[in-house]
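Heads up: the structure comes next, in C-alpha cells.
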Amino acid sequence: MPDLLLELRSEEIPARMQRKAAGDLKAMVTGGLVEAGLTYEGAREHWTPRRLVLDVRGVTARSKDVREEIKGPPVKAPEQAVNGFLRKAGLTSTEALEVRTDPKKGAFYVAVIERPGRPADEIVAEMMPGIIRAFPWPKSMRWGRASAPKGTPFYGEEARGSESLRWVRPLQSILCTFGPETEEPTVVDFAVDGVRAGNVTYGHRFHAPEAITVRRFDDYVAKLEAARVIVDAERRKRIILDDARNLAFAAGLELVEDEALVEEVAGLVEWPVVLMGSFEEAFLDIPPEVVRLTIRANQKCFVTRPRGEAERLSNRFVITANVEARDGGAEIAQGNGRVVRARLSDAVHFWTTDQADLPDLDRLTQAAARFDLDLSKPLDQRMARLAHLNVTFHARLGTQGARVARIARLAEALAPAVGADAARARRAAVLAKADLQTEVVGEFPELQGAMGRKYAALQGEDARVAAAIEAHYRPLGPSDRVPDEPVSVAVALADKLDMLTGFWAIDEKPTGSKDPYALRRAALGVIRIVVENGVRLALLDAWHRTWLEHARQTFDASIHDLFDTVQRLGTALRPANLAAVLDEIGESVETEIRDRAPEIAETLAQREADLLAFFHDRLKVYLRDRGARHDLIDAVLASGEAGGAATANDDLLMIVRRVEALGALLDSPDGQNLLAGTKRAANILAAEEKKGTAVAGRVDPALFASDEERALHDSLEEAEHFAGEAIAAEDFERALGFLAALRQPIDAFFDAVLVNADDAAVRGNRLALLARIRSATGRVADFSRIAG
Amino acid sequence: MNAGLPAHMHPSRSFQGLILTLHGYWAERGCVILQPYDMEVGAGTFHPATTLRALGPRPWNAAYVQPSRRPKDGRYGENPNRLQHYYQYQVILKPNPPNLQELYLGSLEAIGIDPLTHDLRFVEDDWESPTLGAWGLGWECWCDGMEVSQFTYFQQVCGFECAPVSGELTYGLERLAMYVQGVDNVYDLNFNGLEGAQRVSYGDVFLQAEQEYSRYNFELADTAPLFRHFEDAERECTALLDAGAPAAEGGLHRCVLPAYDQCIKASHVFNLLDARGVISVTERQSYILRVRNLARRCGEAYLQTEAGGAGARSAA
C-alpha cells in the first residue's frame, strides 16, 4: 500500500509552536483522508525549526465507489418541491431521476447518485491547499509581493492582498510524494499561493544548502541526515541530553537537568552540537537560582554543578550550537562566555543593588510607619516603596500596600490557631511581598518569595520569618509541598483567604476554564494546609473582617460608617445580626444608609455563602482524589445544611474527620445495619410526612405499648447523650460508635412494632421516635444521601 | 567584504569600517543609503524612511544609521554594555524579497562573521511598538548566543495593515562591533581603525557625552517645561494635520512630514519624562495612547499622499 510524505519548509518556526503544529498537521491530513473514504495504517509527525513533516503509511490507493439512493417527493408533487429535491441532490432536471412506485406513495422520484472512487493522490492534492490556508497557528503573517494589494501598478499578478497566504513565517517549499514502496513515488501536484509541491528539499542552512531530491520517508530522513538535519525531534533531544551529560561528566561535573529547556533547545537546532563554556568563579557568589535563570533565559544554556553537590553550581555551562564549527567550536564557546559574563554582571548589579539603600528614603517614612518598617533595612525599604508607589494589585481590589496590610492583620489573627507567634506572623506578612520591588524579581518574576527569603535572612530576620516569605505562596499546585512551620502556615492562609474573599466580594469568580487569578488553586491550597497540618479553622469567623475590608472597596464611600460600626462590634454583616448592628448605629447615621443596609447584608451573606460552597466543591474534588466516597462527602455536608448556622460546615478539618469516621463506620456490619435502619426510619417518616400524618413534637414515654419501643427510646437517650459529648469533643469515630449501638434496638423495633397503629396518638408518638433516629444520626451526616 | 576599503577599515578593526561595509553591502543590493534623521528618536524605526515608507503600496529599499536615544539606559559611562545614546543600522526592504534571510546572513559574512565558524540563529521575537501602533513577526538574530540584530516582517504600522509587508533589519552596531573587534567594553572599541597616537576609541568620542546626558536624563532635565513640550508637540501635530488635510474628498494631503516630526518629538519627550520617574503607572498608559493616536493620524494622512500611494491607486 502506498505511503504519503509531506514536508512544509519555512523560515524558522518559534520553538514553542513546533510540536503542536506538527500534531495539528497530522490530525488535519489524516482526518481529511478518512473523511474522503481512505484508510491508513499509521501516521507520524516530525518537526525541526524549519520543517513540519508528516509520514503516513499504508494509505489506500483509491477511495471506494459509492452508490447512494435518495428518495424524493411523489411525481405528482408541486413543482417547487421537485425543484427543491433536485437542488438537494445536486441535479438539474427530472430526467436524471428514476421513478419508482410503491403501494402507499404511488409513483415517486429517486435520485441515484454514483460517485466513482478517486485516486488517493488526487484527494490529497485537493485537500492540502485548504489545510495549509486554514492552519491554526497561534500567530501568523503575510509576506513579500503577494501581500501587496491587488490592482496596484507595481507587482502585477503576484499581488494578492488579503487573499495571500498566512503562515507562521514565510513558507518556502512544499514536498509531497505518494506511492507504494515497490514503485517510484509520484509528486502530489498542488500549489498554494505560488508555492508548488515537488520532491525537493534543502539541507542544513549552512552545511548543505543545496537542493535534495527525495522519494519517500526513508531516503528523506537519510538524505537529510547526510545534509546535517535530524528530522526526529525526540532524537535531537536525546542527543542534546546525552552529550550534555557526558560533557559535564568528563569535566567532573553533573548537568542541572531542565526538561523544558531541552525541549526548547531541540526546537532551535537542526543539527545539535553540544559545547562547554565558562565564566569567572566570582559570579558564583550570587544565588544559584539567579545564575541558572540568567543563563537559561538569555542564552538557552544549561548550568552544571560539581558532582555530588546539591545546590552549588560550577562555573561551566553547556551550549547547544546548530553547527559543526571549523574550529571545533572554540569561537562559539568563547562568544557565549562573553555574553554570559555580561549578563551575569547585570545579575550581580541587581543582587547588590537590592541589598543597598534606596535613594530618596525620606519619601518613604510615611509608608514605613504604616507597617512598622525599619528603614535601615533593605527589604523594609522595598516594602515601604511598594506601599508608597501605590502599585495596583487589581483595579477593583486596591493597592498592594492595602493588600499587605490586610494579610498582616489576618496572619496575626490566625497565628494563635496555628500555633504561631503573632508578632512573627505579622512581620513575615509585612515583608512577604517586599521582594516584588527588588531588581532580581523584576528580572525573574518566578523568583518571587525565594529572593525575599534570601534578602530577609541577609538582613537578620528570624529564620521562621524568612522561611515564611518564601513558603507563603505554597502550595503552588496539587503536588507542591504544603508549608508546615506555623508562621508560614499563618501567612500562607492569610494570603490565600484574602485573595479569595476579595475576588468573591467583587463577584469575580472562576468560570469554566477561565481562572486567571488561580483562585481554584488558592482554595485547594487552603484545604491542603488546613487538612494536612490538622488546623482547626472556622472559615466564617476567620475571614469576616477581611470580607468587611473588601466590601469597603465594593460599596461606595457613604457606607463606610456602617462598616466602621460593624468592625467595632467585631462581627460580620449578615442578615442575622443586622438588627443588632443597626441598633448600635443608632440615629446618628443617615437614613439612606440604614435603608440600604439590609440589601448590603444580603449581598455579602450571599457572596460569602457562595465562597463557602466553592470551598465545599474544592474539598469534594480533593477528597475524591484521595479515594473518599462521593456520597459520604455529600452526606456530611448535607448534615450541616440541616443543622443551620451552628454547624455551617465551615471547618474543613472537621468535615474531613466526619467523612473519615463515617467511612470507617460503614465498613462494619453494625454500620451497614444502622444505615439500613436509619434509612427505613427516614423513608417511613418521609412517606407519612408527605401524607400529612401527624407526627408528635416530642416522644411521650407514657404512650409506649411495647418493650421494644421503650428499649429504643432508652438507647436513643443514651446514644444521643454520649454521641453528643463525643461530637462536642470532636471525636466523630466515638460518636458514631455510640450511634452504631442503636442498630440492635432499631432492628428489634422494626421486627416487633407496627408504626402505623390505629390509635393516632400512638402512631404520632412512634413516628416521633423515628424522627429521633434521623436527627441523632443527622448530627454527623445525612444518612439518606448515602448509597446502599 | 567591500574590496574598496583599506585594511585598517576592516570591521574587525574599526567601528566606522563596520558602518561603511554595511553601506557598501546594502548599496550594492539597490538600497537608497540615507543619513540619520535629524531628530531625537528611540530607535531607527521612527525615521520616516521606515515608519511612513512602510505604508502604502510603493516599493522602497533604504539603509541608514540612526542614532538612538534611550534616556533610561544611561549608566553615567560606567557600564560596559549600556548606553543612553547608541547607533542602530537600519535596513528596510519593501516588499521583503523572498531571500531576505540569505541577504541578511550575507551582510554578516561581509563584516567577517563566517557562518561555519560561528553559531547563527533565528530565535523567535515578535516586535511591537505600542507608541507607533506597530507590530510584526520575526526573530532576534543570535551570533554565538548574542543578539546582534532584530529581523521583522512588518504587519502593521501606525495602526494600518502593511500591504505589501516590509522586511526590517536592525543591527545593534556597538554590540556587533564589540563582537567582531573582540572587546568587552564598548568604550574600548576602535573607532577609526588606526593605532598608536592616531587611534580614536569609542570612549574618546562618546564617554563624556554619556556621563553628561546620564546626569541630564536622571537628575537635571526640568520636568515642568518637558510636560509643556509634550502638550505643544501634540497640539502642533494635530494642527498641521488639519491644515494640510485634502481640500476635497480623494485629494492629496499636503502636510504629513512636518506633523510626523511633532509626533516623534512627543514620543522622545515622553521617554525623558519616563526616565525622570515622574510618570505614574496609570499615566504611562495614557501617554503611550496619546502618542499612538498621533502616529495613527500621521499614517492615515500619509496614505493620502503621493508617496503613500494615493496617486498610484487612482491610476490603477
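Basis for what follows: all heavy atoms, side chains included, without hydrogens, waters or symmetry-related copies. Chain letters run A, B, ... following the sequence lines, proteins first and then strands; every chain starts at 1.
When heavy atoms are compared at a cutoff of 4.5 Å, Asn81(B) approaches chain A solely by way of its side chain, counted from C-beta outward. If you measure heavy-atom distances from Glu147(B) to chain A, you find no contacts under 4.5 Å at all. Looking at Glu324(A), only its backbone comes within 4.5 Å of chain B, counting heavy atoms on both sides. Heavy-atom distances place the backbone of Ser140(A), and not its side chain, under 4.5 Å from chain B. For Phe154(B), no part lies under 4.5 angstrom from a heavy atom of chain A. Pro98(B) touches chain A through its backbone: at least one of N, CA, C or O sits under 4.5 Å from a heavy atom, while the side chain does not. With a 4.5 Å cut-off on non-hydrogen atoms, Val273(A) does not touch chain B at all. Contacts of Asn298(A) with chain B are made by backbone atoms alone, with heavy-atom separations under 4.5 Å and no side-chain atom involved. Interface residue Arg145(A): backbone and side-chain heavy atoms are both found under 4.5 Å from chain B.
Taking 4.5 Å as the limit, some side-chain heavy atom of Leu261(A) sits within range of a side-chain heavy atom of Arg296(A). You'll find the side chain of Val229(A) stays beyond 4.5 Å of the side chain of Trp271(A), heavy atoms only. No side-chain heavy atom of Pro80(B) sits less than 4.5 Å from a side-chain heavy atom of Val186(B). Residues Met141(A) and Trp167(A) form no side-chain contact, since every pair of their non-hydrogen atoms from C-beta on lies 4.5 Å or further apart. For the pair Leu120(B) and Tyr104(B), the minimum side-chain heavy-atom distance is 4.5 Å or more.
For the residue pair Gln84(B) and Arg70(B), no side-chain donor N or O sits within less than 3.5 Å of a side-chain acceptor on the partner. Side-chain N/O atoms of Trp139(B) and Glu12(A) include no donor and acceptor closer than 3.5 Å. Residues Ser278(A) and Arg316(A) have side chains that never bring a donor and an acceptor to within less than 3.5 angstrom of each other. Tyr287(B) and Asp274(B) share no side-chain donor-acceptor pair at under 3.5 Å.
Comparing Pro97(B), Gly182(B), Ser166(B) by heavy-atom pairs within less than 4.5 Å of chain A, the highest count is held by Gly182(B). The candidate from His349(A), His207(A), Gln299(A), Arg205(A) with the greatest count of non-hydrogen atom pairs under 4.5 Å with chain B is Arg205(A). Interface check for chain A: of the options Asp114(B), Val123(B), Leu100(B), the most heavy-atom pairs under 4.5 Å are formed by Asp114(B). The candidate from Arg121(B), Arg175(B), Met146(B) with the greatest count of non-hydrogen atom pairs under 4.5 Å with chain A is Arg121(B). Interface summary for chain B: among Ile319(A), Asp327(A), Asp346(A), Asn322(A), the most heavy-atom pairs under 4.5 angstrom belong to Asn322(A). For the set Val340(A), Val168(A), Asn336(A), the count of heavy-atom pairs under 4.5 angstrom toward chain B peaks at Asn336(A). If you tally non-hydrogen atom pairs under 4.5 Å between each of Cys301(A), Ser147(A), Ala330(A), Ala342(A) and chain B, the highest count goes to Ser147(A). Between chain B and the residues Gly335(A), Ala325(A), Gly144(A), Ala15(A), the most heavy-atom pairs under 4.5 angstrom are made by Gly144(A). Most heavy-atom pairs under 4.5 Å with chain A, from the set Met178(B), Gln101(B), Gln155(B): that is Gln101(B).
Checked against the 6.0 Å centroid threshold, Phe15(B) and Tyr202(B) count as a close aromatic pair. The six-membered or imidazole ring of Tyr216(B) lies away from that of Phe218(B), with a centre-to-centre distance of 6.0 Å or more.
A cation-pi contact, defined as under 6.0 Å to the ring centre and within 45° of the axis, is absent between Arg169(A) and Phe122(B). A cation-pi arrangement is absent between Arg341(A) and Phe279(A) under the rule of less than 6.0 angstrom and at most 45 degrees off the ring axis.
Distance CD/Glu331(A) to CG/Asp119(B): 12.0 Å, rounded to 0.5 Å.
Within residues 262-270 of chain A, the residues that have a heavy atom under 4.5 Å from a heavy atom of chain B are Leu268(A), Val269(A), listed by number.
No donor-acceptor pair under 3.5 Å is formed between the side chain of Arg142(A) and the backbone N or O of Val165(B).
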